[in-house]
Student: 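Just dropping this structure here.
In what follows, chains carry the letters A, B, and so on, assigned in the order in which the sequence lines appear, proteins first and then strands, with residues in each chain numbered from 1. Quick note: numbers below take in every heavy atom, side chains included, and nothing from hydrogens, waters or symmetry partners. In this text, all values refer to a predicted model and were calculated from it rather than measured experimentally.
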Amino acid sequence: MLYISINTLVTASILTAPLVVVVEIFEDFPSSPDSSHLNPRFSIDSEPSEVFRWRFARRRQFLCIRTRAGAGASRLKVEVMASAIVNATTAVVEWASMAFDAPFADAVVFGVHVDGHLVVEVLLIAVIMFQLTRKSYKPPKKPLSEKEIDDLCEEWVPEPLHPPITEEMKVEPPTLESAAGPHTVIDGKEVVNFASSNYLGLIGNETIIDSCVASLEKYGVGSCGPRGFYGTIELYQNNSEITSWAIVDVHLDCEKRIAKFMGTPDSILYSYGISTIFSVIPAFCKKGDIIVVDEGVHWGVQNGLYLSRSNVVYFKHNDMASLESTLEKLAHGNKQAEKVRRYIVVEALYQNSGQIAPLNDIVRLKEKYRFRIILEESHSFGVLGNTGRGLAELYGVPIEKIDIITAGMGNALATDGGFCTGNARVVDHQRLSSSGYVFSASLPPYLASAAVAAVNYLEDNPSVLTTLRRNIHLLWEGLSDVPGLMIASDPLSPIVFLKLKNSTGSPKNDLELLNKIAERVLKEDSVFIVSTKRSVLDKCRLPVGIRVFVSAGHTESDIKKVSESLRRVATENL
Amino acid sequence: MVRLPYSTALTTLFSYGLLFAFGQLRDLFRKIIDWFKSSSEDLKGYAPICLGLEDFYTRRLYLRIQDCFCRPIASAPDAWFDVVERYSEDSNKTLHRTSKTSKCLNLGSYNYLGFAAADEYCTPRVIESLKKYSPSTCSIRVDGGTTDLHTELEELVARFVGKPAAVTFGMGYATNSSIIPALIGKGGLIISDSLNHNSIVNGARGSGAAIRVFQHNNVAHLEKVLREQIAEGQPRTHRPWKKIIIIVEGIYSMEGELCPLAEVIAVCKKYKAYIYLDEAHSIGAVGKSGKGVCELLGVDPADVDIMMGTFTKSFGSCGGYIAASKEVVQYLKDTCPAHVYATSMSPPAVQQVISSLKVILGEDGSSRGSQKLAQIRENSNFFRCELKKMGFEVLGDNDSPIMPIMLYNPAKIPAFSRECLKQNVAVVMVAFPASPLLLARTRICISAAHSREDLLKGLEVISKVGDLVGIKYFPTEPPKHETKVYKVE
């Protein structure tokens, strides 16, 4: 408070000073010819003390006006204080002038009368100059002493590395004792497996295993190095793994094979399904770019969006009206938006809901608003369309219209890794700037061989897709009237997604209920089904449910078994 | 650390300047030509995939020497392998494969223990597992992706590294990039070594925690950063940090340097920070029984909170692991996205790790494991010593199987690589942006599979090419420099 008032005073005096000085200068030259009109009430010979009193009266008035104008009405208190101080100062100045006036009463230097008030004015100017040259006030910096830092370090108590372990965290998933085909062994008991996304029933396929064995014998298991070579256009600290010796020719063959199957010029292999999408998105979308994305995308996509640092806008799950209004809002009349890269990211078949994205509408909107499209086909590649070429085939959209397609190969192809395909520019760009490609060891060659063999198999046996569709249809029929549960997925989706008709209100309780059902189905009827698992890091807020993964390898009786078991357990639990 | 001679720095900068100027000139001509050709209607209204100079480096620098990278091979990455020959008709813009291969000495793969090639113990077991379990489970770990092989591997890994529990993932990169967000989030602080791998950087970014970097291997600086940060707390609010995790690597892949682990742990303990150790390159490769830097530097694994490692390198497979206390592993199994959403590790690859671990532990009933470990140590130290004698500037510490040789000038990168390949030695080149602009290097990885003759042949070729290219920067009596001496128990 004191500080503020001093400051105000100084400011006020600084503001006033020039005016005072101006007035003084005019008055200090009483002998000049045209100054007489400025000073009409006093003759040149007037008593100095009289002149003085008049001047000071004027000055006081002056100061008061300045203070009032400067500080404003709201600072009444400051003003009162300021005027009090001004009064005191004036009194002191008056006294000092009087004291000085006596000896210098008639001193004239270069035609200027040196009297008391001139001395005071010079002093005042000196003070003002001194104040102006000083730096503005800053609170003094007092760095912490070593001892204080020591104490702070001593006092600091970190949180534990992990939150308290709850009972749910201790639950171990069932352990399979044989291949995860349509029938598998859990705890020594044979069960029907509806938990593996082995859509084409390729697990256990002899041809594929033979090609893997041949590959293993020739190339070994791992490739002992990343395929990449250089780093990315990242900071150099981000230390890349570089080697030229991990591309095995089978990788290149696999890329060619997938591109040929999809009808695209080229494709690029990734070593892990989930890392495909979260490397592809940041490779194309950078800070400042715009991404419009469905709110139901899985964690891999969410992570890619986060890493890209782009501006992400969500639209309602699989709702084209919402997509259109979002695009309209972003693109219409926005000159700035035309200069940045714009992408729409959608999943072909949402693993969180079993819904299928209406690609024809999306392509229409993308062309209208000039967005590029990134399509995640992990669960639809090898499944949708007459020959399994994915969503584009299902909707009859030319493949060139989809800029970037990514897919994991751990589902229909029954191998591992992932790929991204598109035009040559898109693929080549990733070879140097996609972190999951550049910085990671390459896909084990035998898995690439398995992918080639699986694509060959699919092309040679399109009938497997008919079987799959028949199985999905059968399961739909069987599950359409399960009490308490309803099918929320698309009729073409091999993930049949069952959600609760009446949610309990909290996803946690819902999940508990569904887990109980799945557990009982496995224990009592030897049918392996699973509920959706959600990590706390997942931002997807779609309802949880039971996912039944249908395979072409399931027989009619398998499907009958799962629907009957589910109906029975659901009736008892819901 | 690297000591860059003044003249070399100048010539290197000049070379890059020249390359940049020519690149710009070519870009200018491209623009003029494009201006005459009207661009296609389709692309109107779309911003280009790469804006401005984003891909300048790729177009104008990398493509010219593309043939030195990404060379395909047609065999397992063993001590010797078959390199597919390629040719180009448009000065390296596109490369075509031929059916010809040439047999080369492999000084580039991370095949530290020689498990990359067929192995008498591992391969039959892998094939057996492949037939039993197929290549994939097509499911995530928490659903139907856990086979008894996965459980066995997790127990074995925990026992091997000396931690109570472990969890495995199908990809090393995804291990780092998805574990870190599960361990720490907003309000937490990650203090990372400046040369940490990209997967750690991406994981740290993805976590939302604040990130500070300390100078590579500089424990004093780490302590300074820690003190500052604890005293200051979170930016703006000055609340205390929720937790602090320090992330270091066992062996740095581009430098071949060991981490001063004991000192780092002492600092972590003093300031109650957690330590996350990435042993991607050190697990299986160093230490008397292959247990990584902890064993080499005499550190108790119990002092390291989180131990991460990969199966790609020493074990000749794929995937990664996290070993920690039982509670941490339980928590990660519930939370980590790579566990909850990603396809589980391929069963034959799991079997490869199990078998190779058993060989290393001597549980296969032979002493091959310890022989391999002795071999890689001897090979590495022999090769490093010889290279230094020849006058090369070699980075890294003794016992580390990674040894980068400094090249500096950009023109020496393709020259060295092509000349070595001509004489049937395959090496890996590292340049900007993977290393600082002026510090281009070649990196040699030694394997236990190399015989003494192989190494002598490699040394002979490298020496010859080194003379030709002019990279023997310490020609006479190398001065005693940089190598820190670690106490090895």
Side-chain angles (χ1 to χ4, degrees), chain A residues 144 149 152-153 156 158-159 161-162 165 169 173 175-177 179-180 195-198 203-204 212-213 219-222 224-225 229 231 236-245 247 249 271-275 299 340-341 370 410 414-416 432 435 439-441 444 450 530 533 535-537, chain B residues 45-47 58 69-72 74 76-77 108-111 116-117 127 133-139 142-144 146-148 170-171 173-174 194-195 197-198 201 227 230-231 242-243 254 272 274 312 316-318 327-328 330-331 334-335 337 340-343 346 352 428 430 433-434 436:
Chain A
L144 294 169
I149 296 179
L152 282 168
C153 292
W156 180 63
E159 281 181 8
L161 201 49
H162 56 85
I165 302 295
M169 292 186 191
T175 308
L176 275 61
E177 285 153 27
S196 290
S197 53
N198 167 30
I203 289 183
C212 286
V213 172
Y219 302 107
V221 179
C224 280
F229 21 83
Y236 63 78
Q237 285 97 332
N238 303 353
N239 215 348
S240 72
E241 291 182 4
I242 295 159
T243 175
S244 8
W245 311 111
I247 292 204
D249 44 7
S271 54
Y272 205 37
I274 201 166
S275 72
W299 178 83
V340 298
R341 289 163 288 205
R370 302 281 178 189
T415 164
D416 212 339
L432 270 182
S435 56
F439 296 99
S440 161
V530 285
K533 306 285 189 301
S535 158
V536 286
L537 300 176
Chain B
Y46 290 98
T58 318
F69 306 98
C70 223
R71 289 185 184 130
S109 294
Y110 309 130
N111 172 26
I127 291 177
Y133 292 98
S134 283
S136 172
T137 61
C138 290
S139 188
V142 290
D143 285 354
T146 308
T147 65
D148 38 11
M171 180 195 189
Y173 184 93
S194 60
L195 292 179
H197 186 256
N198 178 278
V201 175
R227 284 174 69 88
I230 296 176
K242 285 184 177 162
K243 51 187 152 188
M254 287 300 128
K272 291 167 279 190
Y274 300 108
T312 329
S317 180
C318 67
E327 291 76 31
V328 171
Q330 265 170 355
Y331 166 69
D334 185 66
T335 315
V340 183
Y341 296 121
T343 317
S346 168
Q352 165 76 17
V428 170
V430 188

Student: Specify the closest pair of heavy atoms between B/Gly170 and A/Tyr272, including all atoms of both residues, with the distance to one decimal.
Tutor: N-OH, 3.2 Å

Student: Could you pull out the closest heavy-atom pair between A/Lys533 and B/Val340, with the gap in Å?
Tutor: CB-CG1, 3.8 Å

Student: Closest approach of B/Thr335 and A/Ser535, non-hydrogen atoms and distance?
Tutor: O-OG, 2.6 Å

Student: Please classify the contact of A/Ile274 with chain B as side chain, backbone, both or neither, using a heavy-atom distance under 4.5 Å.
Tutor: side chain

Student: Need one label for A/Ile165: side chain, backbone, both or neither, based on atoms under 4.5 Å from any heavy atom in chain B.
Tutor: side chain

Student: Would you mind checking which part of A/Ala450 comes under 4.5 Å of any heavy atom in chain B, side chain (CB onward), backbone (N, CA, C, O), both or neither?
Tutor: side chain

Student: Quick one: closest heavy-atom pair of A/Gly410 and B/Ser136, and the distance?
Tutor: O-OG, 4.3 Å

Student: For A/Ser196 and B/Thr137, indicate whether the former's side chain and the latter's backbone hold a donor-acceptor pair under 3.5 Å.
Tutor: yes

Student: Non-hydrogen atoms of chain A under 4.5 Å away: do they reach the side chain of B/Tyr331, the backbone, both or neither?
Tutor: both

Student: Side chain, backbone, both or neither: which part of B/Gln330 has an atom under 4.5 Å from a heavy atom of chain A?
Tutor: both

Student: Could you check whether any side-chain N or O of B/Ser134 sits under 3.5 Å from a backbone N or O of A/Gly204, counting only pairs where one atom can act as donor and the other as acceptor?
Tutor: yes

Student: Among the options A/Val221, A/Leu144, A/Leu152, A/Thr415, pick out the one with the most heavy-atom pairs lying under 4.5 Å from chain B.
Tutor: A/Val221

Student: Identify the two heavy atoms, one from B/Lys243 and one from A/Glu159, that lie closest to each other, and give their separation to 0.1 Å.
Tutor: CB-O, 4.0 Å

Student: Looking at A/Gly220, A/Ala414, A/Gly273, A/Ser271, which one has more heavy-atom pairs under 4.5 Å with chain B than the rest?
Tutor: A/Ala414

Student: Nearest 0.5 Å, please: how far is CG in A/Leu176 from OG1 in B/Thr146?
Tutor: 7.5 Å

Student: Given 3.5 Å as the limit, does a donor-acceptor pair link the side chain of B/Tyr173 with the main chain of A/Phe439, or not?
Tutor: no

Student: Would a distance-only check, ignoring hydrogens and angles, find a side-chain to backbone donor-acceptor pair under 3.5 Å from B/Lys272 to A/Pro158?
Tutor: no

Student: At a 4.5 Å cut-off on heavy atoms, which part of A/Val340 comes close to chain B: side chain, backbone, both, or neither?
Tutor: backbone

Student: B/Asp143 and A/Pro173: which non-hydrogen atoms are nearest, and at how many Å?
Tutor: O-CB, 4.2 Å

Student: To the nearest 0.5 Å, what is the distance between OG (A/Ser440) and NE2 (B/His197)?
Tutor: 8.0 Å

Student: Using modelled atom types and a 3.5 Å cut-off, is there a donor and acceptor pairing between side-chain atoms of A/Ser197 and backbone atoms of B/Cys138?
Tutor: yes

